[in-house]
Amino acid sequence: MSRTITLVSGASRGIGKAVAKRFAKEGHFVIGTATTEKGAALIDDYLHDSGGIGRVLDVRDPEQIDKLFEEIESVYGAVQVLVNNAGITKDGLLMRMKDEDWESVIDTNLTSVYRMSKRAVRGMMKARRGRIINISSVVAKMGNAGQSNYAATKAGLEGFSRTLAREIGSRQVTINCVAPGLIETDMTDELDERLLNSMLDAVPIGRLGQPEDIAAAVLFLAGDEASYITGAVIPVNGGMYM
Ligand code: NAP
């Protein structure tokens, strides 16, 4: 049987890297992306044994998205699992937020998912099978002072997913979200230690999550046993928000 073709955006580090590695371990053919040649080479390296590959992709650039899909489709076949993971934060209280910080977070975290999903869904509808998994965040539902741009993208992602789920479900294509809480990556490394500790006080499990905790939920949603789940958001947050 041929291998499932899985595209993971933002696979150079953190959650995306853990997802790409886990899928590769489970036998998927994984294409992982990074914004730089160096990042793509790093992905090539860690996927090498599984036959997977790294590619450069800025998810804000529609031309790069088209080019990557064209390459994958012509060389390997249509994408069967798409994990929209790439994301950034540009935090600041609304009163002081710069327009460019609002716009770059919306472009990177939300508009990119519209573009990537639109491109992937073509092949999935034709194949009458496919999985899209979007990485949301606990702040989509909870809110977080200083993250109005980021929370807007993640809440938008969840609404987008529920709507697309209704449009593509009859073709057995599902779309779901995984909403991580506090996960130990470069993104949380940027947080002030006092703030991080006070946030951890609100986590019943009492520890930061690991990227692998998220990868496990993404893998479940991509599998055959999740074929009746669509439009859902799976929280993986140690109980931080219930
Ligand atoms: P991270 O360690 O900062 O990694 C971010 C990834 O996104 C990198 O691979 C980066 O590529 C890629 N990326 C950034 N801008 C991009 C662009 N314009 N085009 C393509 N790729 C781009 O972040 P993370 O913590 O693993 O987060 C991954 C996802 O989980 C994000 O969507 C984030 O919002 C979500 N999340 C994280 C947490 C957490 O606590 N860490 C919590 C909730 C949700 P380069 O290496 O090339 O820059």
Side-chain angles (χ1 to χ4, degrees), residues 7-22 30-47 54-65 67-68 82-91 100-101 103-116 133-144 147 149-158 160-161 177-191 195-196 199-200 202-203 205 207-215 217-218 233-238 240-241:
L7 174 59
V8 183
S9 69
S12 52
R13 27 198 187 102
I15 292 170
K17 183 176 182 179
V19 169
K21 280 180 136 177
R22 182 72 202 271
V30 179
I31 303 109
T33 79
T35 59
T36 61
E37 291 287 353
K38 198 174 153 206
L42 192 144
I43 297 168
D44 256 340
D45 256 13
Y46 77 69
L47 288 180
R55 285 292 181 269
V56 173
L57 175 69
D58 183 337
V59 293
R60 294 168 303 179
D61 183 341
E63 273 179 30
Q64 285 188 30
I65 292 177
K67 238 178 91 189
L68 179 64
L82 169 65
V83 183
N84 286 309
N85 164 77
I88 57 165
T89 51
K90 293 264 163 124
D91 296 353
E100 60 255 39
D101 288 346
E103 278 153 17
S104 68
V105 172
I106 300 282
D107 274 359
T108 310
N109 297 7
L110 184 58
T111 309
S112 68
V113 173
Y114 150 74
R115 291 193 207 286
M116 296 278 284
I133 297 127
N134 296 321
I135 307 301
S136 181
S137 166
V138 65
V139 307
K141 294 203 170 73
M142 195 179 83
N144 194 23
Q147 291 198 310
N149 50 0
Y150 182 75
T153 63
K154 297 303 187 181
L157 206 62
E158 294 184 3
F160 171 82
S161 304
C177 296
V178 172
L182 275 176
I183 310 300
E184 198 169 359
T185 69
D186 291 351
M187 197 175 263
T188 40
D189 253 12
E190 288 170 15
L191 290 173
L195 177 67
L196 189 66
M199 288 169 92
L200 263 180
V203 179
I205 297 288
R207 64 166 174 90
L208 284 171
Q210 293 304 308
E212 291 72 21
D213 294 323
I214 307 305
V218 176
V233 179
I234 299 193
V236 183
N237 63 31
M240 183 181 182
Y241 186 79

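Starting from 1, each residue takes its place in the sequence as its number. For ligands, and for the atoms within them, numbers begin at 1 and follow the listed sequence. Because the structure is a prediction, the values reported are computed rather than measured. The basis for the numbers below is simple: all heavy atoms, side chains too, and nothing from hydrogens, waters or symmetry mates.
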List the residues meeting salt bridge (Lys or Arg N to Asp or Glu O under 4.0 Å) with K67, not counting sequence neighbours, and say none if there are none.
none

side-chain contact (heavy atoms from CB on, under 4.5 Å) for V59 and T108? Distances and angles first, verdict last.
CA-CA 6 Å; V59 293; T108 310; 4.2 Å; yes

What are the polar N/O contacts of ligand 1 with the protein below 3.5 Å, with distances?
unit_1   : atom_1 : unit_2 : atom_2 : d
ligand 1 : 3 (O)  : R13    : NH1    : 3.3
ligand 1 : 9 (O)  : G10    : O      : 3.1
ligand 1 : 9 (O)  : S12    : OG     : 2.7
ligand 1 : 11 (O) : S12    : OG     : 3.4
ligand 1 : 18 (N) : D58    : OD1    : 3.0
ligand 1 : 19 (N) : V59    : N      : 2.9
ligand 1 : 25 (O) : T185   : OG1    : 2.5
ligand 1 : 26 (O) : I15    : N      : 2.8
ligand 1 : 32 (O) : N85    : O      : 2.7
ligand 1 : 32 (O) : K154   : NZ     : 3.0
ligand 1 : 34 (O) : Y150   : OH     : 2.5
ligand 1 : 34 (O) : K154   : NZ     : 3.1
ligand 1 : 36 (N) : Y150   : OH     : 3.4
ligand 1 : 40 (O) : G181   : O      : 3.3
ligand 1 : 40 (O) : I183   : N      : 2.9
ligand 1 : 40 (O) : I183   : O      : 3.3
ligand 1 : 41 (N) : I183   : O      : 3.3
ligand 1 : 41 (N) : T185   : OG1    : 3.0
ligand 1 : 46 (O) : S12    : OG     : 2.5
ligand 1 : 46 (O) : R13    : NE     : 2.8
ligand 1 : 46 (O) : R13    : NH2    : 3.4
ligand 1 : 47 (O) : T35    : N      : 2.8
ligand 1 : 47 (O) : T35    : OG1    : 2.5
ligand 1 : 48 (O) : R13    : NH2    : 3.0

Donor-acceptor contact below 3.5 Å, side chain N84 vs main chain S112
no

Should D213 and R207 count as an ion pair when the cut-off is N to O under 4.0 Å?
yes

Criterion side-chain contact (heavy atoms from CB on, under 4.5 Å) against T33, the qualifying member of V8, V56, I43, L7
L7

Around atom CD of E100, are there more than 12 heavy atoms of other residues, nucleotides or ligands at under 6.0 Å?
yes

